[in-house]
Structures are given as C-alpha cells and as structure tokens.
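Each chain gets a letter, A, B and so on, in the order its sequence line appears, and its residues count up from 1.
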There are 2 protein chains.
Amino acid sequence: MGENGSPERLGGSVRKVTLADVAAKVGVSAITVSRALRSPEKVSKTLQRKIKKAIADLGYVPDPAARALASGRTNVIGVLIPSVTNNVFSDVMRGMYEAIEPTTFDLQLGNTRYSPLMEEDLLKVFLSQKPAGLVITGIDQSKTARTMLQSATCPIVQIMETGPNPIDMMIGFSHYDAAAAATTHLIDAGSRFPAFVGARMDPRTQRRFAGFKDTCERAGVFSRERLITTPEPSTVTLGASLFANLISQQPEIDAVLCNNDDLALGILFEAQRRHMAIPEELMICGFNDLEMMAVAEPPVTSVRTHRHEMGRRSIEMLVRQIENPDAEASKIIDLGFDVISRRSTARRGPRLGS
Amino acid sequence: MGENGSPERLGGSVRKVTLADVAAKVGVSAITVSRALRSPEKVSKTLQRKIKKAIADLGYVPDPAARALASGRTNVIGVLIPSVTNNVFSDVMRGMYEAIEPTTFDLQLGNTRYSPLMEEDLLKVFLSQKPAGLVITGIDQSKTARTMLQSATCPIVQIMETGPNPIDMMIGFSHYDAAAAATTHLIDAGSRFPAFVGARMDPRTQRRFAGFKDTCERAGVFSRERLITTPEPSTVTLGASLFANLISQQPEIDAVLCNNDDLALGILFEAQRRHMAIPEELMICGFNDLEMMAVAEPPVTSVRTHRHEMGRRSIEMLVRQIENPDAEASKIIDLGFDVISRRSTARRGPRLGS
DNA sequence: CTGTTAGCGCGTTCAC
DNA sequence: GTGAACGCGCTAACAG
C-alpha cells in the first residue's frame, strides 16, 4: 500500500484523519472529497472510486462538529418527548426509529418530564444545534417555546394530538373525541355509574376527562364523586390502589374509564382480587390499547391509538419537508382512534392440558 | 438600552448572536466572555455580572459545534442500548436521566436493535462526536467495536452484565447466577419438570438459559424438550402462545422460568384462561421484576434486578471519571439480584365492596 | 467536473 | 485578571 496506509499514531493517541489526509492520498483537493461524500453526482466515477478506497484505508470519519460549523446545518432530528420511559411513547419511538433508519438523519431524544420549563430548556439546547427538523409532543408549549419554535428555520411536527393552531405540521388525534367515544361505549353497554381514573393530569388527560364528563352529562350519569386522580405518574400498582379507594367510597360504580392501560390493568388485578365479575359487575376500559390488553384474562377493552404510525409518519413528514422544502404537504393529519371492545375467551369448562 | 438590545434580524431570519456580540456589548474581548462561561473563577465578579446580563439581554446561546471543534471535546455522554423501547431499559434510562440532570452533561441515546453491526456503526458515529463518556450495553461487542472502544480516549462503562474483561468500567450482575438462583427456587419449591421460555436468544438470555440448564442437570430434572424459544422479541402475547404450544407438547410441566416478565405475564394469562391453579399446578417465575409483577393477581415470582440503580450509577461513574480522570475508582460493580417469591393475597371469601 | 479562497464560532496558547 | 493571534475540520461561493 501507499506511503501511509493506516491511521498514524502519535504518542499513543490516534491523530484524527481529516478530509485533507484523504485528499492528499488521492491527490485531489479537500473540497473534492467533501463533494464525493455529499453529492457524488458532481464527481467523476473514477475519483469516486479512488476516494472511497482512500476513505476506507485511512478509516476517515467526518467530523460532525466541523460540518455543522461550516454549513450551519446538521443531520439531527430532535425529538422532545415527555417521558422516554413510558410505554405509550415507546411505540411512537419505535415508529420513529423505523422511519429514520433508511435516511441519513439521526434522531436525538430529549426528555421533558412533562414539564414545560424543561421543554423550553431542551428546546434551546436543540435549536442551538441547528437541527434538520424537530418533533415535539402535544400542543401545550409555553409561550416562550412557541415563539422559539415559530422563529426556527427547520420543519417542525407536533405529535400525539391535533388542534387548531399548528406551529408547522401536526399528526395525532383528538383525545377529547376518543374519551367521549369510549364513554359512549360504556354507557351504551349499560353503565349508569361510570367512573374516571386518571393519575397525573397532564393536558391530554384533562382533555380526555372533558370528553368523559361531557358525554356523561349528556346522558345524565355524571358525578364528580366518581373521579379519582393523583399527582403521581401512572403505574399498574397505582391503578389497583386508586380503584380500591374509589370503590370503597362509591360502591355503586359499574364501569371505569382509565386514562391509560397501566391503570386499567391494575384495576383488573384489584377486581380479580375482590372476585368481581368482569364485565358483569364492572366494565373496564383502558386507553392506548397496549399489546398486552388483547391477551389479558379477562381481556380489557381499550381505545386503540395509532402510535407506531404516528411516530413513523412524523419522521417521514419531516424528512420530506427537509429534502423538498417547497413541496406542498398536508399540515395536519388526524390519525383517529378505535374503541376495541373485548370479552373473555376463557374456557367455561375445567382445566385443559393434563 | 444600548445600541443593540435584541437579536437583530436580517431579512426575517435571526442572525446568530455570538460570543463576539456579547463581548462587544460589554466592552471586553470574546475570550473573557468564554471564560466567564466555563471558568468563572478566572474572571472578576464585576465582569461576571455584566457579562451575565449581556448574555441574557442578547439571548446568547453557545454554539456546541464551534465549541466541539475548537476544544476537541463535547459534553455529550453517548448511550448505546439494544432497544430504547424495552421496559427493562426504560428503568435503566430513567436512572440515567436522574443522574445526568444535576450535571452539565447531555445524554445521547443510540438504538442498536440487538445487532452487533448496528452497534459498530453507531459507535463510529458516537466516537466521531468526541463524547465525554460512553455507556454500552453488555459484554458481547464485536471485535471491531472492542478495538474502537479500547482506543477511545473517554471513560466507558459497560452495563447490564459483569464479566472478566472490562473495556474500562462495568456495572451489572451475573445473568447465569440469577437464572441459577431462580431455578433453584423452583426446584426447592417442588418442581420436577421445570421449563424455560425465552424469545429472542440474545447473549444475556443464553447465559440465563445456561444457568437454568446447569442447575436442572445438577438436580437431575433437565430436559431439552422443555425449552421453547423463537427469533421474535418478547411480548405478553408471545408468552401466552409459546406457553400454549409448550404445554400441549409437554403437559407434565409444573414450573416455568421465563426470560422476562412480559413472557411471564402472558403465561399467567394463558394459565388463567385454562383455569390452571397457580402456583399449585404451575409455578411461574419471571425475570426483571417489573413494577406490575407485584400487583398481578395471582402475583408472579420474579428475579429482581437493580436496573434503576444501574443506570444512575453508570452515569455517576462516568461523570466522576470525566471530572477527575486520575482518581482511582472501582472498575467492576456487581449489583446482584434478588429472587422475589410471591403468593396470592386474594380474599378467599366472596366479593367485597357492594 | 475540479480548485481557490475565505470563514463558520469558539478555545488554546501564549503574552501582558 | 485579561487579550491577540491562530487554528480546529469542514463547506459556501465563486472561479475556471
């Protein structure tokens, strides 16, 4: 091989291989190598080959910081999510990762912890990195955050929810309508004393509760006594204990709309512990339709939301805008929801299998 | 206010506020502002105040790319995780975010999808960003990846598992021992026909199976017929269907060690559907002890691993090394595990509460 | 299709 | 305690 086959080492630490090194080895200028990397169509086939080989031989990796500084752009798409450790967002993130993989963009996650202030701070950090695009959760950004977003130069998509004043693009569904539909389902199935179990009341939860409340009122079955919430985040355990509290105060309850499936599962377990017949004595409806709800025994009715698709398409929308800024695109996409009604499939007879 | 109070706009887009702008406003040189930001103790109190005010007035935000280029460092800690959407890693990540918050570092997540090749690629990307530190999952890096890591100049911590040849630091536990302990628990409780239910057999799962197998063999109760796996990732639904398959082939099974709690929960539901008495007819043992296992009805025995602590301490270890590179620190931390044995707390009598 | 020149915004290294 | 000069690695804008 040539005069300089592998990354040279000076005093034990590797000296960075730069564009100039590659250029020198091939006998061209740095900019040509740069072009071969970013717009190969502008470089002759022969050079492309030689450059590619030199890059491999030298083990050259572009420096993203230098690239960002020189060009004023990055290939990072920033994603602001209330809780990266929440099942609901797991599905969204899975969709995002799927969509980002075939592209040259990278995803960078930020954890806002449901705090508008943290969201603002993270936004500042993200914007300082000149992202290629931004995903942000919900429609309840602080005034400051909205201002920052509006003056950002990259495409932005708000996810999880639809609403009247998109910053740029938007993909989600109406939490109010979804809760209203679930409530209607419970009432149609015969509930006269429906309850709502929430946990931490973030803005989306509040809109769900509004959908529940209005629907109940219209049917003449609303009572504020049948609402229970706490400031804590949802867990299965919390669902069980909230329900235990609630049912001891309001024993007439015949149906529960839960703010999410974790709470619903906890209620299911607590009901089993109390030998309550489901759904005869108690109808349970979750929210999100996590994978496990279909196989729970007894199975749990839930509101299916299209989280995976939402994640995937949010990234696709961004990438399309980034690569083709002037193309007209639908700005607001409502993915809707489905109330998935389930009944037990358990055998009525004795045990099987031995 | 002065000659230049707010970010100037040129043609509708904000011109970036730089160090020089702040410096000009205060009447000092750029480097002084830089120092005021990074080592305030080297700048007089008066100047500090004036500079801070100017920064706020101008809305100056440092450019991380320029900073990285000039200094050769960043404040990013890179985290490579097989699946950011897996419950197990959610707890780890929660711990990491907790630990990173009081520091000046940022976390950047990479999703390796359990693929050593993707891990290699992401590692290359991460290293090109000159991270302040790296977290990487497990001890099964490819040879190339190990080489890259070994010649990295930042501290590195391997998580989830302990083993003989740490790249740098390590925090985790022995999956072999944990599975062996759980198996012993099942055998001591009377199992003569224990089964192992896995899903995708990643390296950690394989070591768990080895612990199960060796323990069973020592007790004379091993049979390869009582092992079931698939290439798919674990879900609750998958647990139910794998168990349905397994029990129809091997009806004598009296205990199941599951590779994780999702599978265990699916098995629990499937067993309920078949009206099998738990634990009399079937003992179920999960792995990880997710929050929901304690409240499941009947409750499920599981192996508790200290994932949250692992995440938190991995970051703490890194930060300590970064800020104090020569301090001696324990390189390998074994967090251990606990077999949490559970029995039903359901009331034996009739339904309560109405 | 390829090269030249200039500079992105900041930190390092020295000087004062 | 503060400043001047230089360069990090790359790309934009123009030239040929």
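Between B:Leu69 and B:Arg35, the residue anchored nearer the 5' end of DNA chain C, judged by the nucleotide with its closest heavy atom, is B:Leu69. Between B:Lys130 and B:Lys42, the residue anchored nearer the 5' end of DNA chain D, judged by the nucleotide with its closest heavy atom, is B:Lys42.
Taking atom CG on B:Leu47 and atom C1' on D:dT2, their separation rounds to 9 Å, with Å as the unit. For the pair A:Arg38 CZ and D:dG9 P, the interatomic distance rounds to 17 Å; values are reported in whole Å. With rounding to whole Å, A:Glu41 atom CD is found 12 Å from C:dT2 atom P. For B:Leu37 and C:dT12, the CG to P distance is 13 Å, given to the nearest whole Å. In this structure, B:Asp63 places its CG atom 15 Å from P of D:dT11, rounding to the nearest Å. The interatomic distance linking B:Arg73 (CZ) with C:dG11 (C1') rounds to 9 Å, in whole Å. Between the P atom of D:dC10 and the CG atom of A:Asn75 lies a distance of 14 Å, rounded to the nearest Å. Across the protein-nucleic acid pair, A:Leu19 atom CG and D:dC8 atom C1' stand 13 Å apart, rounded to whole Å.
A close approach under 4.0 Å does occur between a side-chain nitrogen or oxygen of B:Arg67 and OP1 or OP2 of C:dG11. Here A:Ser44 does not reach the OP1 or OP2 of C:dC1: none of its side-chain N or O atoms lies under 4.0 Å away. OP1 or OP2 of C:dG11 sits under 4.0 Å from a side-chain N or O of B:Ser34. Within the 4.0 Å cut-off from OP1 or OP2 of C:dT2, not a single side-chain nitrogen or oxygen of A:Thr32 is found.
Under the 3.5 Å distance criterion, the side-chain polar atoms of A:Thr103 are left unmatched by any main-chain donor or acceptor of A:Ala99. With hydrogens and angles disregarded, no donor-acceptor distance shorter than 3.5 Å links the side chain of A:Glu119 to the backbone of A:Tyr114.
Side chains of B:Gln129 and B:Thr74: no donor on one and acceptor on the other come within 3.5 Å. With no hydrogens or angles considered, no side-chain donor-acceptor pair links A:Gln141 and A:Glu120 at under 3.5 Å. With hydrogens and angles left out, the side-chain atoms of A:Ser90 and A:Arg94 include no donor and acceptor closer than 3.5 Å.
Closest approach to the B:Ser71 side chain among D:dG9, C:dG11, C:dG9 is made by C:dG11 (side chain taken as heavy atoms from C-beta onward).
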